[in-house]
Amino acid sequence: MAGILTEGLVRSELAELPGWTYEHGEIVKEFTFDGFAEALEFVNAVGDEAEAADHHPDIDIRWNKVTLRLSTHSEGGVTEKDTALARKIEGVLEAPAESPGA
């Protein structure tokens, strides 16, 4: 079992994750892209990271906006699994996009 982080620990972790907030027992961030295709590419990259971690965020796509909500449902709150996945998601944004045919 992962163990729920205290609110203080969650907020400490979020200090290193710009734009993420702690809301109702979840960590949340909204990402904005130039259009739907770019938002969908991001969601697919997040999906790859989530599958690799066997830990899956709630994802809401609204045209060029993607909202991610992370919590460990089996534990009933935020655990280290969530903050680790949030770091990987931030890495997705920093990684250069592959060009078609690469």
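Start at 1 with the first residue, then count along the sequence. Only a predicted model underlies this, so the values are computations on that prediction, with no experimental measurement involved.
- With a 4.5 Å cut-off on side-chain heavy atoms, Ile89 and Leu68 count as touching.
- Pairs of residues two or more places apart, or lying in two chains, never qualify as ring pair (Phe, Tyr, Trp, His ring centres under 6.0 Å) while including a residue from residues 47-85.
- No donor-acceptor distance shorter than 3.5 angstrom exists from the side chain of Asp54 to the backbone of Glu51, with no hydrogens or angles considered.
- For the pair Glu26/Asp58, a side-chain contact is recorded, criterion being any heavy-atom separation below 4.5 Å from C-beta on.
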Under the side chain to side chain contact (heavy atoms under 4.5 Å, CB included) criterion, do Ile59 and Ile61 qualify, and how do the steps go?
CA-CA 7 Å; Ile59 302 172; Ile61 306 170; 4.1 Å; yes
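- Residues satisfying the side-chain contact (heavy atoms from CB on, under 4.5 Å) test with Leu17, not counting sequence neighbours, are Leu14, Trp20, Ala86, Arg87, Glu90.
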Tell me, with the steps shown, if Glu94 and Val92 meet side chain to side chain contact (heavy atoms under 4.5 Å, CB included).
CA-CA 5 Å; Glu94 294 170 4; Val92 164; over 6 Å; no
Evaluate the criterion side chain to side chain contact (heavy atoms under 4.5 Å, CB included) for residue pair Glu49 and Leu85; output intermediate values, then yes/no.
CA-CA 8 Å; Glu49 291 293 343; Leu85 184 55; 4.3 Å; yes
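- Looking at residues two or more places apart in sequence or on another chain, you find a ring pair (Phe, Tyr, Trp, His ring centres under 6.0 Å) between Phe42 and Phe31, Phe33.
- Side-chain atoms of Thr72 never come within 3.5 Å of backbone atoms of Glu75 as a donor-acceptor pair (strictly under, hydrogens ignored).
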Side chain to side chain contact (heavy atoms under 4.5 Å, CB included) between Phe36 and Asn64, worked out
CA-CA 5 Å; Phe36 182 73; Asn64 70 333; over 6 Å; no
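- Every residue two or more places apart in sequence or in another chain that forms a side-chain contact (heavy atoms from CB on, under 4.5 Å) with Asp60 is listed here: Arg62, Thr67.
- In terms of heavy-atom proximity, Gly25 sits nearest to Val78 at O-CG2, 3.5 Å.
- The heavy-atom pair separating Pro57 from Leu70 by the smallest distance is CB-CD2, 3.7 Å.
- Under the side-chain contact (heavy atoms from CB on, under 4.5 Å) criterion, Thr21 pairs with Glu23, Val28, sequence neighbours left out.
- Note: Glu30 CD to Thr32 OG1 = 5.0 Å, rounded to the nearest 0.5 Å.
- Using a 4.5 Å heavy-atom cutoff, the side chains of Ser71 and Ile27 are not in contact.
- Checked options Val46, Leu40, Asp48; the residue passing with Asn44 is Leu40 (criterion: side-chain contact (heavy atoms from CB on, under 4.5 Å)).
- Listed by chain and residue number, Arg11 satisfy the side-chain hydrogen bond (donor to acceptor under 3.5 Å, both in side chains) test with Glu7 (two or more places apart in sequence, or in another chain).
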